[in-house]
Amino acid sequence: MQSTMMQVPLNVAHLLERGRLFFGSHEIVSRLPDKSLARTNFAAIHDRARRLAKALVAAGVKPGDAVGTFMWNSSWHLEAYFGIPVAGAVLHTINLRLSPQDIAYIVEDAGDRIILVDDVLLPLFEKVLPFTKVERIIVVPTSGAPVPDGYESYEDFIAEDASDYQYPQLDENAPCGMCYTSGTVGRPKGVVHSHRAVVLHALSVSLPDCLNLSCHDSVFVVTPMFHVNAWGVPFAAAMVGCSLQFPGQHMGAEDLLDIMESEKVTLALGVPTIWMSIRQTLDRQPDRWKLGHGTRMMVGGAAVNPALVGGLEAHGLSIKHGWGMTELTPVGTLSWLKPEHTSLPAEQQYEIRARQGLPIPLMELRIMGDDGVQPWDGQSVGELQVRGPIVTGGYHNQPTTEDKLTADGWFRTGDVASIDAEGYMRISDRTKDLIKSGGEWISSVDLENAIMGHPAVAEAAVIAVQHPRWDERPLAVVVKREGQKVTADDLRAFIAPRFAKWQLPDDFIFVDSLPHTSTGKFLKTALRQQFKDYVSSAP
Ligand code: ADP
């Protein structure tokens, strides 16, 4: 065969080096436990990440070994994002909002040898101790307090100069990081991302129609770094040199808005529940914060409704909706307008932007129905299946089975979706959340989005409840916005024009709050449990 290009493996070390070489002075800002702001930059992150790598190697960590992090979003966590992979080890970000049992399970399953823990998280972490395989626990003193007796200090651990540190030569398919699914539909499962996937994903997600990331951006990473790599943005940030803002443990709407104003944030990332509370806060105090007009907000992890897109637009904030999964790296699709849409009325534009969107480059989508691959007509629904170099080939410590990977090499997402003629994908449900009424499927997500479009509604989740004749019927569980009045009849009348009569919920129950998963999705398993004896009032 003729010689083609150099065989240079894709590696996260390249991103770290770019961050220092070209954007060393660009700022990384972390909110500390006492709410003050700590400032550092890519040059310092580069130095400290390499010290961490050198210390891990000296501690006997071998290529492919897992090193855990139990940390809030901060510059220290960013050091770990780079320092662990450039030691050749596997960055295992532990989701601190999981139950102690689930955390204990994933630490064992991942085989973590060392875990880095924020000092303020030690009380939570100690609930999970002891572990059988973990050799060292290293405490990161983000609060500035002395490290408690009996623990090693991170600052001591990384004290040695690392200017002589040599990156290990790794195959580009070597593991770089591992994340566990949040277990919305079962026990958390480990997904191992390769260096190659992380680099390709960073390139893809940064493109103009995707997140349009550049060295001019100031990016607020509200989405947790302990879940799906904070959507891969920390890696992309070092590559393009955007400055980064981290909220630490302070996730209240006012705290977030303060940072968006003071740090001139141009792109913020978070799940819909965060932006819903931002919207409510801005509706109450529209003039309190001065936000750069056109600040982008990437919203994903759960569906966005057009009302939220429009509601934030009114405050000068522009939503970019995306869909992803731990099993990708993790972004799969993002929604953006094409030139032919820009003259459409605002409502239609919001509707397009609220779709899950177009696949990012390197991602392929198809819809599989009972009778095979479905046409892209916006109507035909089936299971969403995906393929590409940024899609997992299987789960950690589990055999690959056909209920996850098809014989012809597509990953089965467990999401139910359609794709329209222009290529926009819309999720209608998770397979397990669909409601089967009288043999016909009803999409809970479509009902939720429609109900959440009502101005008096803060949040709404729809689940199936039992019915003697129809088998299952939809029940809407609704949280009203503060100080608002609305009845079941009002809501039914409001959404009626968009649904067939048999698809409308028979019952609406008003509650003070809805259960959410650790990553901001409605916890439908808990709702179904709560209403397991509820019988629909449908005739
Ligand atoms: P888990 O599978 O445990 O919930 P993930 O965070 O990997 O953990 O969740 C991925 C799932 O989240 C997707 O399969 C999909 O059901 C849901 N999801 C993510 N983003 C969106 C979105 N924009 N709209 C609707 N559902 C979404």
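Counting starts at 1 for both ligands and their atoms, in listed order.
- E327 and T181 share no side-chain donor-acceptor pair at under 3.5 Å.
- Of the polar atoms of I427, none of the N or O atoms is found under 3.5 Å from an N or O of ligand 1, judged by distance alone.
- When each of T69, D118, T93 is tested with H77 by the rule side-chain hydrogen bond (donor to acceptor under 3.5 Å, both in side chains), just one qualifies, namely T69.
- Taking 4.0 Å as the cut-off between side-chain N and carboxylate O, R498 and D446 do not count as a salt-bridged pair.
- Ring geometry, Y180 versus Y105: the interplanar angle exceeds 60°, so the pair is classed perpendicular (tilted spans 30 to 60°).
- Looking at H227 next to ligand 1, an N or O pair under 3.5 Å apart turns up.
- Considering both main-chain and side-chain atoms, A303 comes within under 3.5 Å of ligand 1 through a nitrogen or oxygen pair.
- In terms of N/O distances under 3.5 Å, ligand 1 is not approached by G300.
- Side chain of E472 to backbone of W470: no donor-acceptor contact under 3.5 angstrom is found.
- Residue-ligand proximity, T326 to ligand 1, at heavy-atom distances under 4.0 Å covers atoms 5 (P), 6 (O), 7 (O), 8 (O).
- At a heavy-atom distance under 4.0 Å, no atom of P188 approaches ligand 1.
- Under the 3.5 Å distance criterion, with hydrogens and angles disregarded, a donor-acceptor pair is assigned to the side chains of W323 and D415.
- Here the shortest heavy-atom distance to atom 2 (O) of ligand 1, taken over K521, M325, R430, belongs to R430.
- The residue among V416, D415, L384 with a heavy atom at the shortest distance from atom 14 (O) of ligand 1 is D415.
- Taking a cutoff of 4.0 Å between a charged side-chain nitrogen and a carboxylate oxygen, K521 and D433 do not qualify as a salt bridge.
- Within ligand 1, the atoms closer than 4.0 Å to a non-hydrogen atom of H321 are 22 (C), 23 (N), 24 (N), numbered from 1 in the order shown.
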